[in-house]
Enquirer: 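I'd like to ask you about the structure that follows.
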Amino acid sequence: MTAAGLPPHLRRGSRSGPRRALSSPRRAVALGGGHGLAANLRSLRLLVDDITAVVTVADDGGSSGRIRAELPVLPPGDLRMALAALCEDSDWGAFWHDAVQHRFVTDGDLDGHALGNLMIVAMWQILEDPIAGLDRIGELLGARGRVLPMALDPLDIEAQVAFADGTRGTVRGQAQVAKVPGRVESMRLIPERPRVPEEVLRAIAEADWVIVGPGSWYTSVLPHLQIPEIAEALRTTRAHRCVVMNLSSGGEEIEGMRSTDLLRVLLDSAPETSFDTVIADPTALEDAVELAEFARTRGIRTLLRQVSVGGGVPVHDPVRLAAAYRDVFDGVYGDVEGTQDEEEGTQHGIDR
């Protein structure tokens with residue numbers, strides 16, 4: 001993407017509105033699940049001391065699915081990944097990060113189970129309290145933040161899908177929806193009104209920033225907006241609200257969808273909620289400029305910045321994403337400057 005290719009409102013000297021002065025946040029809440037949330041937490045922990053991860057609890061595949069089928073507990077896998085991402089920067093933290101992520105390789109029933117999943121379930125059985133159990137594991141890991149389930153009831157995801165062969169049908173289960181060869185047209189949670197921890201609602205209410213995404217859009221990101229209490233907390237919080245886009249579009253679950261489509265679906269899922277910022281990587285998304293234009297029509301500012309590791313690999317770089325957050329928190333949107341440098345190929349504001 002060249003600087004000359006950006007629309008005027010994204011260039012310095014032609015801003016869409018006054019820049020708002022923001023102080024560095026004391027409290028951040030990240031909504032999501034899986035690898036996307038873990039990548040987000042690894043970045044936020046470089047900037048923010050008080051982090052709360054609010055994690056999806058609909059996983060029904062792998063180790064979590066097997067545990068969930070055998071015991072009446074929340075699926076622990078995404079919660080484990082969030083805890084591991086927040087491990088303290090020390091030899092102790094590094095050891096426990098590797099320990100909780102360790103998967104057994106055997107010819108028996110333990111094969112494929114993650115040690116951290118078993119530890120979490122053990123704490124739940126001992127303490128008889130899912131929040132207390134997660135807090136105790138967090139203390140052991142020296143977690144820089146708190147990990148909370150978005151609901152106290154295990155959830156199922158049911159989606160209406162347009163399949164690649166042109167047919168339509170219903171798919172149930174997070175693992176199945178996440179890898180369905182087609183496009184999810186709508187989804188719902190079962191149960192539709194699960195119990196929500198009071199700690200989750202309090203964290204959102206007291207946050208300086210609430211961040212949604214990245215992650216599997218229909219199975220990790222949008223489920224939070226499907227729970228009425230969380231949707232209302234997000235609508236009424238005094239916090240700034242930020243959406244972090246994925247580094248790729250299309251593929252399983254979102255066949256044929258571009259990043260602009262994904263943002264539209266998210267905003268339509270929370271029609272009464274005002275978002276302040278979108279972070280998107282113009283080196284990874286072909287429709288980054290279109291995305292920024294669409295966001296502007298919804299009153300949202302966009303920071304276009306490389307936040308990936310580069311080389312076409314759709315993996316977030318913790319330091320680059322942290323730098324993008326720093327600019328957003330400070331109200332520095334890195335607009336592109338229209339100068340002679342454009343003709344020389346020098347770009348300002350979009351890191352390569």
Side-chain angles (χ1 to χ4, degrees), residues 20-33 36-38 40-57 74 78-79 82-83 85-88 129-139 141-153 193-215 220-244 266-267 269-270 272-279 300-301 321-322 324-331:
R20 179 171 50 188
L22 301 173
S23 60
S24 297
R26 293 178 296 116
R27 301 186 182 95
V29 173
L31 310 181
L37 176 61
N40 201 11
L41 296 175
R42 284 192 290 270
S43 296
L44 286 171
R45 65 197 296 271
L46 300 176
L47 298 175
V48 184
D49 289 325
D50 190 339
I51 304 170
T52 301
V54 179
V55 185
T56 53
V57 287
L74 298 172
D78 285 358
L79 296 161
L83 285 164
L86 291 173
C87 279
E88 67 178 32
D129 183 332
I131 305 299
L134 291 168
D135 286 344
R136 187 61 58 88
I137 295 291
E139 291 173 6
L141 272 56
R144 186 170 179 175
R146 195 178 193 192
V147 173
L148 298 172
M150 65 185 255
L152 295 172
D153 303 300
R193 298 205 68 153
R195 296 171 296 154
V196 177
E198 181 60 34
E199 293 88 344
V200 167
L201 304 180
R202 186 182 310 118
I204 294 173
E206 296 176 353
D208 297 308
W209 279 86
V210 178
I211 298 164
V212 180
S220 292
V221 177
L222 294 181
H224 293 81
L225 305 180
Q226 300 292 315
I227 297 180
E229 290 86 349
I230 294 180
E232 179 64 10
L234 187 60
R235 184 187 72 82
T236 57
T237 181
R238 295 174 60 87
H240 302 283
R241 306 170 190 90
C242 175
V243 179
V244 181
L266 186 148
L267 298 180
S269 296
E272 298 181 357
T273 300
S274 298
F275 288 88
D276 300 275
T277 302
V278 170
I279 296 176
I300 305 170
R301 300 193 69 176
L321 183 54
Y325 278 133
R326 171 58 66 195
D327 283 351
V328 167
F329 295 160
D330 290 343

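Every value quoted in this text rests on a predicted model; they were computed, and no experiment measured them. Only this structure's heavy atoms are used, side chains among them; waters, hydrogens and symmetry mates stay out. We count residues from 1, following the sequence as given.
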Enquirer: Using every non-hydrogen atom in the two residues, find where Val55 and Ala82 come nearest and quote the distance to one decimal.
Expert: CG2-CB, 4.1 Å
Enquirer: What are the two closest heavy atoms between Leu41 and Ala30, and how far apart are they?
Expert: CD2-CB, 4.0 Å
Enquirer: Can you name the nearest heavy-atom pair linking Leu46 to Arg42, along with the distance?
Expert: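 Between these two residues, the closest heavy atoms are CG-O, 3.6 Å.
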Enquirer: Going by atom type alone, with no hydrogens or angles, which donor-acceptor pairs under 3.5 Å involve a side-chain atom of residues 222-235 and a protein atom two or more places apart or on another chain?
Expert:
residue : atom : partner : partner atom : Å
His224  : ND1  : Ser220  : O            : 3.4
His224  : ND1  : Val221  : O            : 3.4
His224  : NE2  : Gly32   : N            : 3.4
His224  : NE2  : Val54   : O            : 2.9
Glu229  : OE2  : Arg193  : NH2          : 3.2
Glu232  : OE1  : Arg235  : NE           : 3.0
Glu232  : OE2  : Arg235  : NH2          : 2.7

Enquirer: Apply salt bridge (Lys or Arg N to Asp or Glu O under 4.0 Å) to Arg241 and list each qualifying residue two or more places apart in sequence or on a separate chain.
Expert: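 Counting only residues at least two positions away or on another chain, Arg241 forms no salt bridge (Lys or Arg N to Asp or Glu O under 4.0 Å).
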Enquirer: For Arg202, enumerate each residue passing the side chain to side chain donor-acceptor pair (under 3.5 Å) test, keeping only those at least two apart in sequence or located in another chain.
Expert: none
Enquirer: With side chains defined as the heavy atoms from C-beta onward, is the minimum distance between Pro197 and Ile131 less than 4.5 Å?
Expert: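 Yes. Closest side-chain heavy atoms under 4.5 Å.
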Enquirer: For a side chain to side chain contact (heavy atoms under 4.5 Å, CB included) check, start with the C-alpha distance between Leu44 and Ile211, then their side-chain angles and the critical distance, and finish with the verdict.
Expert: CA-CA 10 Å; Leu44 286 171; Ile211 298 164; 3.6 Å; yes
Enquirer: State which residues pass side-chain contact (heavy atoms from CB on, under 4.5 Å) with Ala132; sequence neighbours excluded, sorted by chain then number.
Expert: Leu127, Asp129
Enquirer: For Tyr325 and Val244, what are the C-alpha separation, side-chain angles and deciding distance, and is it a side chain to side chain contact (heavy atoms under 4.5 Å, CB included)?
Expert: CA-CA 10 Å; Tyr325 278 133; Val244 181; 3.2 Å; yes
Enquirer: What residues, two or more places apart in sequence or in another chain, satisfy side-chain contact (heavy atoms from CB on, under 4.5 Å) together with Ala324?
Expert: Ile279, Leu303, Arg305, Val307
Enquirer: Apply side chain to side chain donor-acceptor pair (under 3.5 Å) to Asp153 and list each qualifying residue two or more places apart in sequence or on a separate chain.
Expert: Arg195
Enquirer: Tell me if the CD atom of Glu272 is crowded by more than 12 foreign heavy atoms within 6.0 Å.
Expert: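 12 or below, so no.
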Enquirer: Would Asp49 and Arg26 pass as an ion pair if we require N to O under 4.0 Å?
Expert: no
